[in-house]
Amino acid sequence: GYRVSLQGNFFGCNQTYMAFLEYNPRKHIKLDPPLNIQSNATASKCQIWWSVWNVPWYLTEILQYELQYKEYSMPWEVAMNKTLPSSLPQVEIEATELRSGIAYAARVRCKVSENENSYHSQWSEWSQTTVFKRADVPKVSEKILNIKTMQYFFIPLSFGTLLYLFWNWKLFSRYWCFLTSGQKTSPALTFPRQLLSFSHSIVCTMGILR
């Protein structure tokens, strides 16, 4: 450690004032604020990253960061504060924490982690701010929504109609064969062709709806 003293002339007398009997520089660190803070916001999250300057390599892995963000038009006194659990110079904010279409400002500061016993520091000054805005969630057009709704109703209705026609055709063909046994042609034989034509129409309609 070191001994820190102050000397001065007070009322014409030289005096020495002992400020610290034992001063350890590792316990009195104040880092420079982070630099180059940037952000990228999407509809699902906002990524913020930065860099540190003039920090010894052995301190970069034990740094602690605090993020502060707010709506751009609001004062910093009402900002949200987050102490980050990682020493990495980056953070993500979930979209659920941000209002769509609103501009936000964010800044960050750093210090040596409180879990570190060999070093101790106070918070640095705040960095410059970065401004971001959550992207709007794309809206499904009304036309697409109506087509999807029609598909949900049309598909089960089509299969139900096919099942109904098929069942009635079986009953009708048996009854017709009973009445017209011995004839060369039967109107019931044309019904399967009508059924196939109806099925083809349903498949084509479903393709158009998609």
Side-chain angles (χ1 to χ4, degrees), residues 1-8 10 15-142 144-145 148:
Y2 299 86
R3 177 175 297 178
V4 179
S5 62
L6 300 176
Q7 292 182 349
F10 302 97
Q15 295 184 4
T16 301
Y17 172 74
M18 300 301 298
F20 297 96
L21 294 178
E22 186 175 354
Y23 178 79
N24 189 344
R26 295 188 302 177
K27 300 294 185 178
H28 301 83
I29 300 173
K30 184 173 183 179
L31 302 172
D32 292 327
L35 299 174
N36 304 323
I37 182 169
Q38 301 179 59
S39 58
N40 179 37
T42 64
S44 59
K45 61 184 177 181
C46 175
Q47 295 177 312
I48 302 175
W49 63 95
W50 57 89
S51 59
V52 291
W53 178 80
N54 200 26
V55 177
W57 62 268
Y58 50 85
L59 293 182
T60 56
E61 297 182 355
I62 58 174
L63 289 183
Q64 181 179 358
Y65 296 100
E66 183 179 25
L67 173 73
Q68 193 175 60
Y69 67 96
K70 66 178 182 68
E71 293 185 16
Y72 187 78
S73 59
M74 302 297 289
W76 285 108
E77 287 74 16
V78 298
M80 294 287 295
N81 289 69
K82 282 190 174 185
T83 300
L84 308 185
S86 172
S87 61
L88 296 177
Q90 62 186 31
V91 66
E92 290 186 355
I93 303 176
E94 296 297 328
T96 54
E97 303 180 47
L98 306 173
R99 296 171 58 190
S100 179
I102 301 297
Y104 286 83
R107 60 185 184 180
V108 67
R109 61 180 180 176
C110 63
K111 71 173 184 177
V112 176
S113 174
E114 296 178 353
N115 298 325
E116 181 62 37
N117 296 323
S118 300
Y119 301 90
H120 179 76
S121 72
Q122 56 182 306
W123 284 111
S124 70
E125 300 298 327
W126 288 104
S127 69
Q128 298 294 319
T129 60
T130 180
V131 179
F132 58 91
K133 181 185 296 186
R134 172 188 166 187
D136 293 332
V137 179
K139 297 181 179 179
V140 180
S141 65
E142 185 177 354
I144 296 178
L145 184 61
K148 292 295 184 181

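Remember, it's a predicted structure, so these values are computed and weren't measured experimentally. Side chains are part of it too, since the values below use all heavy atoms of this structure and drop only hydrogens, waters and symmetry mates.
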(Q) Donor-acceptor pair, distance only, cut-off 3.5 Å: does the side chain of Ser87 make one with the backbone of Gln64? (A) no

Practice prompt. Report yes if the side chains of Glu66 and Asn81 come closer than 4.5 Å at any heavy-atom pair, otherwise no.
Written response: yes

Residues passing the salt bridge (Lys or Arg N to Asp or Glu O under 4.0 Å) test with Lys27, sequence neighbours excluded, are none

Taking every heavy atom of Ser118 against every heavy atom of Arg26, the minimum-distance pair comes out as O-CB, 3.8 Å

Report task. Taking the side chain as every heavy atom from C-beta outward, state whether Cys46 and Leu98 have any atom pair closer than 4.5 Å. Result -> yes

Can you find a heavy atom in the side chain of Val112 that is under 4.5 Å from one in the side chain of Tyr119? yes

| message | Is any side-chain heavy atom of Tyr65 closer than 4.5 Å to one of Val91? | response | no

Report task. Indicate yes or no: does Lys30 engage Glu125 in a salt bridge with an N to O separation below 4.0 Å. Result -> yes

Sorted by chain and residue number, the ring pair (Phe, Tyr, Trp, His ring centres under 6.0 Å) partners of Tyr104 (sequence neighbours excluded) come out as Phe132

Heavy-atom nearest pair, Ala103 first then Val131, reads CB-CG1, 4.5 Å

So, Lys70 and Glu77, do they make that salt bridge, N to O below 4.0 Å? no

Side chain to side chain, Ile93 and Leu67, heavy atoms closer than 4.5 Å:
yes

Taking 4.0 angstrom as the limit, do Lys82 and Glu97 come out as a salt bridge? yes

Check: For Trp49 and Asn40, what are the C-alpha separation, side-chain angles and deciding distance, and is it a side-chain contact (heavy atoms from CB on, under 4.5 Å)?
Finding: CA-CA 9 Å; Trp49 63 95; Asn40 179 37; 4.0 Å; yes

Practice task
Assess Arg107 against Trp76: is NZ or CZ under 6.0 Å from the centre of the six-membered ring, and within 45 degrees of the ring's axis?
Solution key: yes

Original post:
Do Val55 and Asp32 come close enough that some side-chain heavy atom pair is under 4.5 Å?
Top reply: no

Smallest heavy-atom separation, Leu31 atom then Ser124 atom, equals O-CB, 3.1 Å

Check whether any side-chain heavy atom of Pro34 lies under 4.5 Å from a side-chain heavy atom of Ser51, and answer yes or no. no

For a 4.5 angstrom cut-off between non-hydrogen side-chain atoms, does Leu35 reach Trp50? no

Exercise for the section: May I ask you to decide whether Lys45 forms a salt bridge with Glu92, counting only side-chain N to carboxylate O separations under 4.0 Å? Expected result: yes

Fill in: Gln128 CD: over 12 foreign heavy atoms closer than 6.0 Å
no

Looking only at heavy atoms, the pair that brings Ala106 and Ile37 closest together is O-CD1, 4.0 Å

Any sub-3.5 Å donor-acceptor pair from Arg134's side-chain atoms to Ala95's backbone N or O?
yes

- [ ] Taking atom CG of Asn54 as the centre, report whether more than 12 heavy atoms of other residues, nucleotides or ligands fall under 6.0 Å from it.
- [x] yes

